[in-house]
Structure formats: C-alpha cells, structure tokens
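All chains are named by letter (A, B, ...) in the order of the sequence lines, taking the proteins before the strands, and each is independently numbered beginning at 1.
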Number of protein chains: 2
Amino acid sequence: MEPVSTDDVTAFRRFNRYFTRRIGVLDDHYLGQDRPLGEARLLFEIAGSGSGVSLRDLRGRLGLDAGYLSRMVKTLQAQGMIRLSVHPQDSRLRTVEPTAAGRAEVEEQNRRAGALASGLLQGLTPDQRRELTEAMATAQRLLRLAGITVERVNGHAPDARACLDAYAADLDARFPEGFDKSDLVGAHEVSGDAGAFFVAYEEGRPVGCGALRRLEPGVGEIKHVWVHPEARRLGLARRLLDALEAEAAARGLTVVRLDTHAVLTEAQAMYEACGYTEIPAYTDHVYAAHWFEKRLGAPAADAPA
Amino acid sequence: MEPVSTDDVTAFRRFNRYFTRRIGVLDDHYLGQDRPLGEARLLFEIAGSGSGVSLRDLRGRLGLDAGYLSRMVKTLQAQGMIRLSVHPQDSRLRTVEPTAAGRAEVEEQNRRAGALASGLLQGLTPDQRRELTEAMATAQRLLRLAGITVERVNGHAPDARACLDAYAADLDARFPEGFDKSDLVGAHEVSGDAGAFFVAYEEGRPVGCGALRRLEPGVGEIKHVWVHPEARRLGLARRLLDALEAEAAARGLTVVRLDTHAVLTEAQAMYEACGYTEIPAYTDHVYAAHWFEKRLGAPAADAPA
DNA sequence: GTTTTTCTTTGACTAAAGTCAAAGAAATAT
DNA sequence: ATATTTCTTTGACTTTAGTCAAAGAAAAAC
C-alpha cells in the first residue's frame with residue numbers, strides 16, 4: 001500500500017552489501033576448507049536435517065540439478081561422509097544420512113565458524129555485543145515478517161485444513177479440558193458468501209491462518225487465528241487480523257466479534273491492543289471466557305494526522 | 001579481554017545464516033543476470049569508482065589474479081562496457097573507466113536490486129520499515145567497530161604521519177583561526193620512553209589515531225585524538241582513549257590531562273562522558289580553551305558491581 | 001647506467017559448477 | 001493393464017573461476 005521510501009531502500013541495500021562482503025563471504029570461505037563449496041554446503045544440509053533426507057528434498061532445498069546432486073552424493077559417500085539407502089515408503093527415492101565421520105566434519109566446521117564469530121565479537125564490549133545481538137534479532141524478525149504473505153485460500157484447501165489441524169492440536173495441549181476438533185468451523189462456513197479463510201505463507205510453507213464467518217447481517221466473526229510456533233513473536237497475528245478485518249470491511253460488515261479461552265491471555269492483550277473492546281457473551285461456546293468486538297470503517301487511532 | 005558468550009555467538013551465526021540465505025544470495029543472483037558473476041562484480045566496481053581506476057587498484061580491491069583480471073577486462077572492453085587507457089603518470093599501469101553503455105548496465109542492475117529491496121520492504125508498515133532500518137544501521141555500526149583494531153605504532157611510521165596530516169587538515173578547516181601543522185607533536189615525543197602513538201585500522205586502512213606524551217612525573221598528556229570522517233559515530237574515539245589510558249596506566253602514570261579547542265564541543269562532551277573533569281589551564285596553548293584531567297587506576301564508575 | 005622491481009599480457013593449465021538428455025526403475029493415474 | 005509421471009543415475013558436454021609461469025615494458029632503486 002504505502003510506497004517504500006528511497007532512503008529505506010538505500011539503507012537496506014547498503015547494509016546488504018556491507019554484510020555480505022564483510023561476513024557472508026568469510027563464512028562461506030571457512031565452510032569449504034578442504035572441500036568444494038557445493039559439497040560442503042550439501043554435507044552441511046544433510047547433517048543439519050536430523051537423520052535421513054531424501055535426495056528430492058535436498059534438490060528442492062538447495063536448488064540443484066539432479067545429475068549434479070547425484071554425483072556430489074556419490075563422492076561424499078565414497079569419502080565415507082554419508083550413507084545412502086532406499087526410502088522405506090517409496091523405493092524411487094533415496095534417503096541419505098550422515099555417518100559419524102560426516103557429523104564430525106560438520107561439527108568441526110561449526111567450531112571453526114564459531115571461533116571466527118567469537119573473534120569478531122571479541123572487538124566489542126559486552127554491552128555492545130548485547131546491542132548487536134538485539135539489533136540482529138530485530139532485523140531478522142522484521143525480514144522474516146516482510147517475507148511472509150497472507151493469502152486468501154479456499155476453506156477446503158489442504159493448507160487450510162493443515163493449519164486448522166495444527167491449531168486444534170495446539171489448543172488441545174493448552175486447554176486444561178482439551179479441545180475437540182469437531183468445534184472447528186466447517187470448510188463451507190468460510191467459503192464463498194458465508195466467509196473467508198486466510199493462510200500466511202513463509203517461503204512456501206503455511207505458518208498461520210485465520211477465518212472470517214458471517215454471524216448476522218452486518219456482523220462478522222473472526223475465528224481460529226493461529227500462528228505456527230516457529231513464526232510467533234513476529235507480529236504475524238496482527239497481519240492476519242488486518243487481513244480479516246479488511247475482508248470484513250470489503251464485504252460491508254461494520255462489526256467483527258470474537259471469543260477467546262481464559263488461558264489465552266496474550267491473545268486477549270493483542271485484541272485489546274488492536275482496538276477490540278470486551279463485550280458481554282454473544283455465544284455460549286464451551287471454550288469461550290471472553291468476548292470482544294471491534295467497529296470497522298473508522299480509521300485507526302494511530303493513523304497519521 | 002572478556003570472553004564471548006556462546007549465546008552471542010549463536011545469535012550472530014543464526015542471523016548470518018539467515019541473512020546470507022535470504023538476502024545475500026538473491027542480490028548476487030540478480031546482479032549477474034546475463035553475465036558471469038565475476039564480470040558483473042568487476043563492472044560494478046569499475047562503474048562505482050568514479051572515472052578511472054587502475055587495474056592494480058581493482059586487483060587489490062577484488063583480490064583477483066592478474067591474469068584473470070586482464071582477461072575479464074578484455075572481454076568487457078570487447079563488449080563495449082569499458083574503456084582502457086594508459087595511466088598518465090605511470091605507463092606501466094592501465095586505467096579503466098566505464099563507457100556510457102557500461103554505466104547504463106550498472107544503472108539497470110541497481111534499478112533491479114532496488115526494486116527487489118523495495119518489494120521486500122513492501123511487506124512491512126512504515127513503522128516497521130523504520131525499525132528495520134534502525135536495526136540494520138546499529139548492526140552495521142557495531143560490526144564495523146568490531147572490525148577495527150587499535151595498534152601501537154612508531155611515531156615515525158607513515159600511517160602515523162598520514163593520520164596527523166589528516167588531523168591537521170581537519171582542524172585547519174574547523175578552527176576559525178586555522179591550524180598550523182607545526183603545532184603537532186614531534187615523532188620523538190611519542191616514541192620510546194617519551195610517549196606512545198596509536199593508530200586504528202579498518203580493513204588495513206588507518207582510520208584514526210591518538211598520542212600519549214609524558215608531561216611531568218606521574219602525569220601524561222593525551223593529544224591528537226582523531227577519527228576519519230567516514231569512521232565517526234562508531235564509538236572509535238572511546239576505543240582510542242581506552243587504549244591511551246591503558247598505555248598510560250601501564251607506564252605507571254596516575255593522571256592524564258588534555259586540552260581542547262572551543263569549537264570541539266562533541267569532543268568535550270565525550271571526555272566528560274569518559275570520566276574526565278574540567279580543570280584550570282595547565283598550558284597556554286593558543287588553541288586550547290578547555291582543560292581536562294582524569295585520574296587513572298580507579299575502576300570506572302560503570303564497572304559491574 | 002645497470003639491476004631490480006612493478007605491472008600487465010599471454011599461454012597453458014586445472015578444478016569446480018552446472019546443464020541437458022537418455023535411460024531404467026518404481027509409483028500413480030486412467 | 002497400460003500409460004504416464006516421478007526420481008535417480010549416467011554420459012557427454014559447457015561455462016566459470018581460478019592458478020602459474022614466462023615474457024615484455026616501464027619505473028624505481030642502487
């Protein structure tokens with residue numbers, strides 16, 4: 001929506017250039033050592049992904065040509081760094097896992113890279129290190145957030161159902177009384193005129209969702225706002241909420257409501273921070289302990305004057 | 001001195017990995033386009049350094065083999081991207097400069113990279129963009145600072161004299177009455193028993209200096225603390241001051257003094273922040289308007305309890 | 001006024017990185 | 001049951017990246 005200022009772009013690019021030149025290159029250089037970079041990266045990826053990855057996965061992750069990968073795998077195997085086996089489910093696939101020697105080499109690489117980083121940080125006082133760590137965490141958080149897209153999908157879509165399953169499992173673990181999957185909205189309730197379903201994607205993987213459903217004329221209900229554990233604390237829930245509210249406004253709804261469970265205190269705080277106010281119960285939903293409402297259309301309080 | 005915590009190293013490396021994977025790779029990939037990466041980088045470097053660089057400079061900056069560089073230059077020239085000429089002063093050297101076509105190509109690359117960055121930042125609100133820009137600026141500042149080393153050099157060393165020359169030119173421009181180079185300390189005053197001279201290096205280039213000189217028994221004087229304009233606001237002056245104070249303490253001095261000019265208000269603020277207190281004039285130096293002193297040996301006030 | 005050093009070019013390489021297509025084996029779709 | 005698709009391997013390449021040494025020309029050192 002808002003145009004990006006040239007200053008922001010310039011600052012971003014300047015950091016980009018500086019960082020890759022100063023740090024990125026160094027890391028890559030040390031990663032290699034006695035081994036072609038491609039092989040080193042491959043071994044690192046294999047050792048990094050627990051026990052057993054399929055060649056197909058590796059191909060996707062590293063974006064390699066099938067033939068090229070096959071050959072590199074062969075040389076790593078010949079050197080005793082990895083073990084190859086046929087995939088138990090699908091015998092077209094090969095599964096590859098690191099041997100003890102392979103793991104040891106990656107460990108050694110990590111040790112070296114750590115020493116390098118340590119040497120660099122040595123030049124800073126503990127306070128400055130803390131400042132650097134914080135700045136990097138902030139930058140990483142915002143870069144991740146910038147890369148996440150929120151898309152409207154059909155309620156029947158596999159990604160939508162996968163998110164809802166994860167959401168249900170999450171709640172089942174957090175609610176003292178558990179959570180029953182049958183309480184999820186049906187796919188038809190969030191499709192077409194009845195409602196909408198949004199999925200957040202990070203690098204192709206679904207990492208969050210949210211549903212909107214028509215409650216009564218002019219009033220919508222927001223349900224199942226969920227963020228993958230690994231994508232939390234990025235500000236993604238707000239993005240989902242924004243998307244749902246925009247959708248509601250586009251449908252001519254003037255009010256959105258929602259309910260939450262007593263244990264979800266962070267969620268309650270977020271709703272309040274986003275302009276929701278607590279209202280009396282509008283459902284007798286078993287899990288609901290708090291009910292919120294927000295009037296749409298009015299510009300947000302923090303809009304520029 | 002202080003050991004680096006594993007947490008800091010881990011956070012650093014995590015950011016490192018994330019950033020190079022997410023951003024660095026992208027940028028490199030787009031930089032290339034229809035041209036080998038090496039050539040693209042070379043053209044970028046040539047176009048970026050105003051009009052006319054010697055091959056020798058390029059070789060140093062990009063760390064390339066002479067033969068390899070020569071060949072790449074030849075192909076770029078054949079494509080009409082650059083122009084080669086003999087260096088006016090030294091006819092062993094070749095000077096290379098971009099043609100209009102070369103400049104246009106680099107412009108186009110920049111436009112593309114800018115569009116990429118812009119597209120990425122689009123996913124953030126203006127507030128978040130500002131936050132990201134600030135975090136990156138902080139990270140870059142600290143990374144630069146971490147890479148700068150402060151080394152003791154002989155007062156006669158070329159780097160020392162180069163810094164003092166730049167310092168004198170700097171003061172000459174800032175003092176209303178100008179500054180005369182003959183007021184610099186002599187090399188012998190900051191060598192051996194008489195004193196010490198420190199130079200700060202960033203990637204091999206001197207970017208700051210500071211001198212210590214014996215004033216009277218037990219008392220030292222700090223002089224000529226200077227930081228290159230492009231290395232300011234990093235906290236480097238404090239690092240230099242620390243080094244000078246440590247050297248003074250190691251020599252058994254208990255007090256260090258210094259004087260400053262009336263116009264150098266930031267310097268005065270820094271000295272105060274570093275534990276210096278204003279004292280009566282101890283010299284009748286023409287440029288001096290404020291005199292400071294610090295007692296050494298006592299732990300700093302901000303030391304952990 | 002030599003000798004030595006510096007700088008570039010050229011030839012002759014090597015290793016790494018990557019591409020493309022054919023082919024065989026296994027799973028899926030029809 | 002047959003056709004189609006998916007996945008890996010292999011052979012046969014090409015391009016990039018990079019190294020090393022020899023040689024010629026000019027500058028700097030002695």
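Atom pair B:Asp65:CG and C:dT6:P shows a separation of 17 Å (rounding to whole Å applied). Whole-Å rounding puts the B:Leu55 CG to D:dA25 P distance at 18 Å. Counting to the nearest Å, the C1' atom of C:dA17 and the CZ atom of A:Arg35 are 16 Å from each other. The nearest whole Å value for the distance from the CG atom in B:Leu69 to the C1' atom in D:dG18 is 12 Å. Atom NE2 of A:His87 is separated from atom C1' of D:dT6 by 14 Å (rounded to the nearest Å). As rounded to whole Å, 16 Å separates atom P of C:dT6 from atom CG of B:Asp57. As rounded to whole Å, 11 Å separates atom P of D:dA27 from atom CD of B:Gln89. The distance between atom CG of B:Leu64 and atom C1' of C:dT8, rounded to the nearest whole Å, is 14 Å.
Of the N and O atoms on the side chains of B:Gln79 and B:Arg35, at least one donor lies less than 3.5 Å from an acceptor on the other residue.
Among D:dT6, C:dT6, D:dT10, the nucleotide with an atom closest to any side-chain atom of A:Ser70 is D:dT10. In this structure, of D:dT9, C:dT10, C:dA17, it is C:dA17 that holds the atom nearest to the side chain of A:Leu37. Comparing D:dT5, C:dA17, D:dT9 by their nearest atom to the side chain of A:Arg92 picks out D:dT5. Listed nucleotides D:dA27, D:dT8, C:dT8 differ in distance to B:Arg59; the shortest reach to its side chain belongs to C:dT8.
You'll find a donor-acceptor pair under 3.5 Å spanning the side chain of A:Arg71 and the base of D:dG11, going by distance alone.
For the pair A:Tyr68 and A:Leu93, nearest-nucleotide mapping onto DNA chain D gives the more 5' position to A:Leu93.
Interatomic distance, CG of B:Asp65 versus CZ of B:Arg71, reported as 8.5 Å (0.5 Å rounding). The distance from the CD atom of B:Glu97 to the CD1 atom of B:Ile82 is 10.0 Å, given to the nearest 0.5 Å. Note that CZ of B:Phe197 and OG of B:Ser191 are 9.5 Å apart. Values are rounded to the nearest 0.5 Å.
The pair B:Glu45-B:Arg41 fails the salt-bridge criterion, with no side-chain N (NZ, NE, NH1 or NH2) lying under 4.0 Å from an Asp/Glu carboxylate O.
Using a 4.0 Å cut-off, some side-chain N or O of B:Arg56 falls inside it from OP1 or OP2 of C:dC7. Checking the phosphate oxygens (OP1, OP2) of D:dA27, a side-chain nitrogen or oxygen of B:Ser91 falls inside 4.0 Å. Look at B:Lys74 and you won't find any side-chain N or O under 4.0 angstrom from OP1 or OP2 of C:dT8.
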